[in-house]
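Working notes, structure below.
Per chain, numbering begins at 1; letters A, B, ... match sequence-line order. These values consider heavy atoms only, across backbone and side chains, with no hydrogens, waters or symmetry-generated copies.
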Protein chains: 2
Amino acid sequence: MSQASSIAVEGLKFPADLLQERVLAALREAGADEASAAAAARAMMHASRLGIDSHGVRLTPFYAECLRSGQINGSPAFTIKRTAAGTSMLDADHGLGHAAAYAGMEEACRIAKESGVGAVGITHSTHYGAAGAYALAGAEAGFIALSTTNADSLVAFHGGKTRFHGTNPIAAAAPVRGSRPWLLDMATSAIPYNRILLFRSLERELPDQVTADIHGEPTRNPHLAEILTPLGGADFGFKGAGLAGLVTILSAVLTGATPDHLVVPMGDGHTERHDIGHFCLAIDPERFVGRETYDLLMQQYLAGLRGSPAKAGAQVLAPGDREWQTMEKRDRTGIPVDPDTVRFLDLA
Amino acid sequence: MSQASSIAVEGLKFPADLLQERVLAALREAGADEASAAAAARAMMHASRLGIDSHGVRLTPFYAECLRSGQINGSPAFTIKRTAAGTSMLDADHGLGHAAAYAGMEEACRIAKESGVGAVGITHSTHYGAAGAYALAGAEAGFIALSTTNADSLVAFHGGKTRFHGTNPIAAAAPVRGSRPWLLDMATSAIPYNRILLFRSLERELPDQVTADIHGEPTRNPHLAEILTPLGGADFGFKGAGLAGLVTILSAVLTGATPDHLVVPMGDGHTERHDIGHFCLAIDPERFVGRETYDLLMQQYLAGLRGSPAKAGAQVLAPGDREWQTMEKRDRTGIPVDPDTVRFLDLA
């Protein structure tokens, strides 16, 4: 989602329908049941259509590997327990995180409709892809929605020299009358780990203050970079680290999943069940200022934002604006897919 | 709260009790009723004791000026309306924001005890000082708690060259069995505006990528700096700007207060009623994994964090650790107060 340093995947382009069909087939073949495969494909297509290629269809082989190794349960039996007027717990039985996260957000919205706010903790889950997919689902249902997940450790704590937190994203979305939702989806590290891999293949220098080598020393060399650093860099990384910690507390500590630094990573030959947690929050504007005034204020706020004068060579875009533009373009011209994924999905 | 660039106030030191008494007297004299003055003094003493001097007792003259000018209502009549099982709205009647924010957090905790989660929107309020004071109050009552506020505009949007968002803090706190809460209190700009003023008086160069001049061009000269930039700097400022927007949506758009860019600032000769909003969230761990497991996981998480190897010359501290250390020291040796505030509070 980085504007300054994102690099679109280059490669052959394919229509969304075809990609979705191949992703579904690959997940089914790897052992995912219908509901799990459909949710994972939906979340990956969200990311691929909106240009978040790091979390798009290129993750299919990764999920397939983990389904085959047993780290992900292909036929999970979810249990949802309403624990109070505003809260539920969802046990994801180590299934694909996408299905759990969509189910959790639906539950949060159902609760919010009744109780004004709904908070759902999801435990014993696995990698759920792009956090924004679930916040968006909440906003499309009419709620201000948040989704967070913890993850296995890749990011040093501020001042630390080893991996501690996951990239622990915060996604939020809010309905906008007459247009697509406001949509924020951000890792609490400065960049995602996949950016390092991409810059390696491009032999390109990384941005300043976003990665460290295996000894915890700052590096811009993608071949030496092994550890991510928190959003905020050398001076203000305590803020990114603090936000990552908030995500761990909400997603794992509150739900009974495993804290980041103790999570067995997915893939890489591991076979133990993966165990992370997610947190969903849905808020109904109707129970605050009322939907009508909310809609007016949101339009007034966004008009002010988009009318804010831009620096030379820059654009002022609301969170999500760039992604919606990308989606419209990709829906017309196709979704670019990298060569490895083209082969895996039997596209050429 | 910045670790890298914070500068403690230097000056004579005073015991907390004496300071609190003088702050209370000054607020009463400026027209605040007893409940308003007590809440504002409590929040300022929180900040002063924990070393967040920008939001400590030095704000007393500022609040006194706004009480006298009529921008703040000294005798507000709050109305709290429970709107659903999980939500309430609080109209602060333009009183001191501290009283509204403490009352909102108390209401959120009451609701969370019943319903598992409580969300309270506060509208028609004013500057509430350190956001962490209210999150802390929620954590001390046994809940994971969040507090946000919007504010008049000081921060350029990412890519923008004029002030748009306020410094819009996010504060979160979480109970820790047997010790003080985990506590995060961060502006979504890289630095607070008061840091510019402080660096001016010190003739010291500002950190890189945190401020811009009146034309929106980056500057490190504190005499030219007029606009703050969002957390994340030139490459990743869209994340800080996105978080600031989330705060505006929750605090103002959802509650019916004024969005940042339309807020009439406090002080500086203005006389119109100030109008901003706050948002409070409280979550009861008992309705998720249960308090006992939450406590164990929180201790496990924090033990991992504090045991994470530090870089040479750095420390690995959980959010709040530094503040609790400062509080213990200041409770022993007194709170340093800058000369202007010493004079205003008749301390010497």
Subject >> Interchain contact, B/T123 with chain A, by part (heavy-atom threshold 4.5 Å) >> reply: neither
Original post:
Among A/T293, A/D284, A/L254, who wins on heavy-atom pairs under 4.5 Å with chain B?
Top reply: A/L254
Subject >> B/I111, part contacting chain A, at a heavy-atom distance under 4.5 Å >> reply: neither
Original post:
Using non-hydrogen atoms only, which part of A/H165 is less than 4.5 Å away from chain B: side chain, backbone, both, or neither?
Top reply: side chain
Subject >> Contacting moiety of B/F164, where chain A heavy atoms sit under 4.5 Å >> reply: side chain
**OP:** Could you tell me which non-hydrogen atom of B/T87 sits nearest to which non-hydrogen atom of A/R287, and how far apart they are?
**Re:** OG1-CB, 3.7 Å
Original post:
At a heavy-atom separation under 4.5 Å, does B/A119 approach chain A through its side chain, its backbone, both, or neither?
Top reply: both
Subject >> Option in A/V316, A/I249, A/T162, A/L246 with maximal non-hydrogen atom pairs under 4.5 Å from chain B >> reply: A/I249
Original post:
For the candidates B/P319, B/G304, B/A112, B/A212, which exhibits the highest count of non-hydrogen atom pairs separated by less than 4.5 Å from chain A?
Top reply: B/G304
**OP:** Measure distances from B/A310 to the heavy atoms of chain A and classify the residue's part below 4.5 Å as side chain, backbone, both or neither.
**Re:** both
Original post:
Does the side chain of A/I191 come within less than 4.5 Å of B/F236's, by heavy atoms?
Top reply: yes
Subject >> Trace of the side chain to side chain contact (heavy atoms under 4.5 Å, CB included) decision for A/F238 with B/L184 >> reply: CA-CA 10 Å; A/F238 68 97; B/L184 176 70; 5.8 Å; no
Original post:
Is it the backbone or the side chain of A/L262 that comes under 4.5 Å from a heavy atom of chain B, or both, or neither?
Top reply: side chain
**OP:** Measure B/A257 against the heavy atoms of chain A and call it side chain, backbone, both or neither at under 4.5 Å.
**Re:** backbone
Subject >> Part of A/F157 within contact of chain B (heavy atom distance under 4.5 Å) >> reply: side chain
Original post:
Where on B/L296 is there a heavy atom nearer than 4.5 Å to chain A: the side chain, the backbone, both, or neither?
Top reply: neither
**OP:** Tell me, out of A/G290, A/G118, A/G256, who's got the most heavy-atom pairs with chain B below 4.5 Å.
**Re:** A/G256
**OP:** Please report the closest heavy-atom contact between B/F288 and A/V120, naming both atoms and the distance.
**Re:** CE2-C, 4.1 Å
Subject >> Nearest atoms (heavy-atom pairs only) where A/G242 meets B/W182 >> reply: O-CZ2, 3.6 Å
Subject >> Within-4.5 Å side-chain heavy-atom neighbours: B/L297 and A/T255 >> reply: no
Subject >> Under 4.5 Å from any heavy atom of chain A - which part of B/M89 >> reply: side chain
Original post:
Of the listed residues (B/H215, B/K311, B/K81), which shares the most heavy-atom pairs with chain A below a 4.5 Å separation?
Top reply: B/K311
Subject >> Toward chain A, the part of B/E114 with a non-hydrogen atom under 4.5 Å >> reply: backbone
Subject >> chain A contact via B/V210 - which portion, at a heavy-atom distance below 4.5 Å >> reply: side chain
Original post:
Of the listed residues (A/P309, A/A314, A/G121), which shares the most heavy-atom pairs with chain B below a 4.5 Å separation?
Top reply: A/P309
**OP:** Heavy-atom distances under 4.5 Å only: say whether B/A252 touches chain A with side chain, backbone, both or neither.
**Re:** backbone
